Amino acid sequence: MSEVLDVLIVGAGPVGLLAAVELTRRFHSLRIIEKQRHQSLYSKAFIVHCRTLELLAHSGLDQEFMAQGVLYPELRILTALSNGEIRDFATLRLNDQDIGSEYEFAILICLPQNKIEAILRKYLNSMGHKVEHSAEFQSARIEGSGENAVVVSTVVSTDTHGIQTVELIRSKYLIGSDGVHSTVRKSQEGWTFEGVCIDGTFAIADGIFESKLSNWNLGLIFH
């Protein structure tokens with residue numbers, strides 16, 4: 001009979017990594033698997049809220065986030081006219097908001113997701129936990145019931161030579177932090193993702209650009 005972990009975490013994005021940080025602080029045994037071969041190099045999401053900093057303070061990571069991030073004192077909302085002209089619509093002073101937090105001076109911090117993940121990984125590495133890459137969750141079944149229930153997950157790992165191995169990982173809990181198309185969620189009948197679909201198109205790009213806008217902090221442009 002294989003070892004029974006406290007928690008198996010599927011997906012090593014910010015959600016899975018932060019879950020691992022909090023579980024590590026509480027001395028739970030865990031493994032983190034990620035189907036991608038490497039950590040992403042792209043910014044993706046890049047806003048950290050002050051409430052998140054409050055949570056990170058428990059592990060001392062709030063200081064690292066603030067040291068590497070950029071504090072935004074204001075949010076500029078602009079509108080794009082049909083002739084291409086961009087005009088100011090409103091400005092919200094973020095650090096003037098009284099929200100009852102010791103981090104009110106840092107309501108929004110810009111810190112790209114790849115840097116967020118690097119900070120969390122560094123902490124986990126120091127605690128003896130490393131992300132297992134090229135390890136893909138396939139399915140899960142529950143053995144036993146009540147306090148004796150165990151989740152048995154089937155995981156396929158691929159080495160650098162393309163050779164695959166199948167492993168059954170037994171854990172008391174399974175965390176599916178593998179995104180909106182979560183394989184963990186879809187692996188179980190009756191597990192639904194309640195909500196509505198909002199049609200829309202958006203894009204995000206990493207690059208260097210020039211702007212005619214002065215005093216640029218954080219802006220939203222509506223067209």
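Keep in mind that what you see is a predicted model, and the values were worked out from it rather than measured.
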Please say yes or no: joined through hydrophobic side-chain contacts below 4.5 Å, possibly via intermediate residues, are L23 and Y173 part of one cluster? yes
Does A20 offer a backbone N or O that forms a donor-acceptor pair with the side chain of T24 under 3.5 Å? yes
Once rounded to the nearest 0.5 Å, what's the spacing between atom NE2 of H129 and atom OH of Y123? 9.0 Å
Value rounded to 0.5 Å, distance of NZ in K172 from CD in E147: 10.0 Å
I32, L17, I9 screened by side chain to side chain contact (heavy atoms under 4.5 Å, CB included) with S177, the one that passes: I9
Side chain to side chain contact (heavy atoms under 4.5 Å, CB included) for L174 and V10? Distances and angles first, verdict last. CA-CA 8 Å; L174 172 65; V10 179; 3.7 Å; yes
Just wondering, do V48 and I116 contact through their side chains at under 4.5 Å, heavy atoms? yes
N114 and S40 side chains, donor-acceptor separation under 3.5 Å: no
Can you tell me how far the CG atom of L108 sits from the CZ atom of F46, to the nearest 0.5 Å? 10.0 Å
Among I175, I33, V151, which one satisfies side chain to side chain contact (heavy atoms under 4.5 Å, CB included) with L8? I33
Residue pair E34 / G13: nearest heavy atoms and the distance that separates them: OE1-N, 4.4 Å
Salt bridge present between E132 and R31 (N-O < 4.0 angstrom): yes
D159 side chain vs I163 backbone, donor-acceptor pair below 3.5 Å: yes
Could you tell me if the side chain of L5 sits less than 4.5 Å from the side chain of I169, heavy atoms only? yes
Please check this pair: side chain of H133 against backbone of Q36, looking for a donor-acceptor N/O pair closer than 3.5 Å. yes
If two hydrophobic side chains count as joined below 4.5 Å and joins carry through other members, does L124 share a cluster with L55? yes
Under 4.0 Å between a side-chain nitrogen and a carboxylate oxygen: does that hold for E64 and K122? no
Determine yes or no for a side-chain-to-main-chain donor-acceptor pair under 3.5 angstrom, with R185 supplying the side chain and H181 the backbone. no
Are V70 and L56 joined in one hydrophobic group, where the rule is that I, L, V, M, F, W and Y side chains link up if heavy atoms are under 4.5 Å apart? no
Verdict with supporting geometry, S59 and V21, side chain to side chain contact (heavy atoms under 4.5 Å, CB included): CA-CA 8 Å; S59 53; V21 167; 3.9 Å; yes
Quick one, L61 and L53 - any side-chain contact, counting heavy atoms below 4.5 Å? no
Drop me the distance from I119's CD1 to Q63's CD, to the nearest 0.5 angstrom. 11.5 Å
Residue pair Q39 / R121, side-chain heavy-atom distance below 4.5 Å: yes
Apply side chain to side chain contact (heavy atoms under 4.5 Å, CB included) to Q68 and L111, showing your working. CA-CA 7 Å; Q68 293 196 34; L111 187 60; 3.9 Å; yes
